[in-house]
Amino acid sequence: MTTPAAPREPLLRIEALTKNFGGFIALDNINVDIAKGERFGLIGPNGSGKTTLVNCISGALRPNKGNVVFAGADITLLPPNRRSHRGIARSFQIPRPFRSMTVLENLMVALDFAGNRELLETEAHRRDAAMSILSRIGLTTRATVPTAVLTQVELRKMELARALATGPKLLISDEAMAGLSTSEVDEVLDLLMSLGGEDIAIIMIEHIMQAVMRFSQRVMCLDAGRIIAIGAPSEVMANARVQEAYLGT
Ligand SMILES: Nc1ncnc2c1ncn2[C@@H]1O[C@H](COP(=O)(O)OP(=O)(O)OP(=O)(O)O)[C@@H](O)[C@H]1O
Ligand SMILES: [Mg+2]
């Protein structure tokens, strides 16, 4: 036996989480830890509880039982905006920018909402901060165009940029690749992977299995509200229960 590694405080800890909708159990006693900077893939057939789980993490839903602990603090009962201030950001499947504003203006609004008032008290500061995010995301050349003219993949990138404006430690991406071409999926994946390198943990929900395999350090598969497999991507994909769950749908 090797010496055990020093205990490492997880960034996110889900403890005995259960969520019911009426008599229906959508999540049944989920336990999982996510490390700082981890790239974590969340898979499972339709209706298995993936979005319900991220709703419990982001604060859109309150669990019936169990706890959500983030950066050492119990956030189970905090509303979504307070979780966002603590560093949990969510990117939605359908991008919803202000379409008449430019990319840069949209991002400046996002920074304003994020509320980092000391750093961003002047418009010039906000503009610099917004440009720096656009550069991280590869949208600098589109800064001054209205978002209405952006392509699908550019809109997805902008959605990521808006999530980054909140200064997240954890980014949740729920099917951000849907409707993109193979090369566009690769582009967004590369972006997400570079954010992992900046110590932002990412939970990626995705039906495109090749994307999940390429992206994730660990994959967790839900079925009917329970964890049926968790581990290295190749192990999870080879798991008989996982294959059965997918064949069954
Ligand atoms: N607000 C709600 N009220 C009642 N039932 C709900 C509610 N939200 C989700 N459910 C049910 O909980 C189960 C899990 O739904 P969830 O949206 O978490 O699945 P999912 O894994 O994200 O599926 P998909 O891959 O289709 O996005 C489903 O049976 C769904 O119908
Ligand atoms: Mg879902």
Side-chain angles (χ1 to χ4, degrees), residues 36-40 54 58-60 80-206 208 211 214-215:
K36 187 178 167 188
E38 183 169 10
R39 299 193 308 271
F40 190 85
V54 304
S58 72
N81 63 325
R82 306 247 324 259
R83 297 188 197 209
S84 158
H85 284 153
R86 282 171 187 250
I88 298 179
R90 177 155 185 197
S91 156
F92 288 92
Q93 186 171 351
I94 300 159
R96 292 167 301 184
F98 299 109
R99 292 180 65 81
S100 63
M101 289 187 190
T102 67
V103 170
L104 182 63
E105 285 163 352
N106 259 285
L107 215 47
M108 287 170 71
V109 170
L111 283 165
D112 215 14
F113 277 127
N116 203 340
R117 290 269 145 69
E118 296 121 63
L119 278 175
L120 302 168
E121 58 190 1
T122 70
E123 169 141 343
H125 282 135
R126 276 209 300 283
R127 183 173 296 269
D128 286 351
M131 282 308 290
S132 132
I133 292 170
L134 289 180
S135 139
R136 270 157 83 193
I137 224 85
L139 274 183
T140 315
T141 58
R142 305 295 267 162
T144 57
V145 306
T147 58
V149 308
L150 294 184
T151 63
Q152 271 304 312
V153 67
E154 287 171 340
L155 274 171
R156 299 300 158 97
K157 289 183 185 175
M158 201 184 109
E159 180 71 5
L160 275 178
R162 292 205 304 168
L164 288 181
T166 64
K169 298 189 188 101
L170 171 67
L171 179 68
I172 304 170
S173 163
D174 194 348
E175 297 191 40
M177 321 276 184
L180 299 182
S181 73
T182 314
S183 65
E184 289 170 339
V185 166
D186 280 342
E187 234 182 288
V188 176
L189 269 189
D190 286 340
L191 255 179
L192 287 173
M193 290 173 85
S194 71
L195 298 178
E198 296 180 25
D199 260 357
I200 300 173
I202 301 176
I203 299 177
M204 189 177 81
I205 300 183
E206 195 47 70
I208 306 167
R214 202 185 131 209
F215 172 79

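FYI, side chains are in, hydrogens and waters are out, and symmetry mates aren't considered; it's all heavy atoms of this structure.
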If the condition is side chain to side chain contact (heavy atoms under 4.5 Å, CB included), which residues does [X] pass it with, not counting sequence neighbours?
X: M193; value: R39, R214, F215
X: A201; value: L11, I34, L170
X: A163; value: A89, L171

### Task
State which residues pass side-chain hydrogen bond (donor to acceptor under 3.5 Å, both in side chains) with R142; sequence neighbours excluded, sorted by chain then number.
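By the side-chain hydrogen bond (donor to acceptor under 3.5 Å, both in side chains) rule, R142 matches E154.
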### From H125 atom NE2 to T122 atom OG1, the distance as rounded to the nearest 0.5 Å
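Output value for this atom pair is 4.5 Å.
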Below 4.5 Å, heavy atoms only, C-beta onward: do [X] and [Y] meet side chain to side chain?
X: I208; Y: L180; answer: no
X: T147; Y: M101; answer: no
X: V103; Y: L107; answer: no
X: L189; Y: M177; answer: yes
X: M108; Y: R127; answer: yes
X: L164; Y: L195; answer: yes
X: L191; Y: I137; answer: yes

Nearest heavy-atom neighbours spanning [X] and [Y]:
X: A130; Y: L104; value: CB-CD1, 3.6 Å
X: R90; Y: S58; value: NH1-OG, 3.4 Å
X: P146; Y: S100; value: CB-O, 4.3 Å

### Query
Is the side chain of R83 donor-acceptor paired with the backbone N or O of I88 at a distance under 3.5 Å, no angle test?
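Here the side-chain-to-backbone pair does not exist.
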### Query
Is S84 reaching over with its side chain to a backbone N or O of P80, donor-acceptor style, under 3.5 angstrom?
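The answer is no, because no donor-acceptor pair under 3.5 Å joins these two groups.
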### Task
With sequence neighbours excluded, tell me which residues meet salt bridge (charged side-chain N to carboxylate O under 4.0 Å, His left out) with D128.
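So D128 forms no salt bridge (charged side-chain N to carboxylate O under 4.0 Å, His left out) with any residue.
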### Query
Listed by chain and number, what are the salt bridge (charged side-chain N to carboxylate O under 4.0 Å, His left out) partners of E184, not counting sequence neighbours?
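Partners of E184 by the salt bridge (charged side-chain N to carboxylate O under 4.0 Å, His left out) criterion come out as none, since no residue qualifies.
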### Task
Mind running salt bridge (Lys or Arg N to Asp or Glu O under 4.0 Å) on R162 and E159 for me, showing each step along the way?
CA-CA 5 Å; R162 292 205 304 168; E159 180 71 5; 3.2 Å; yes
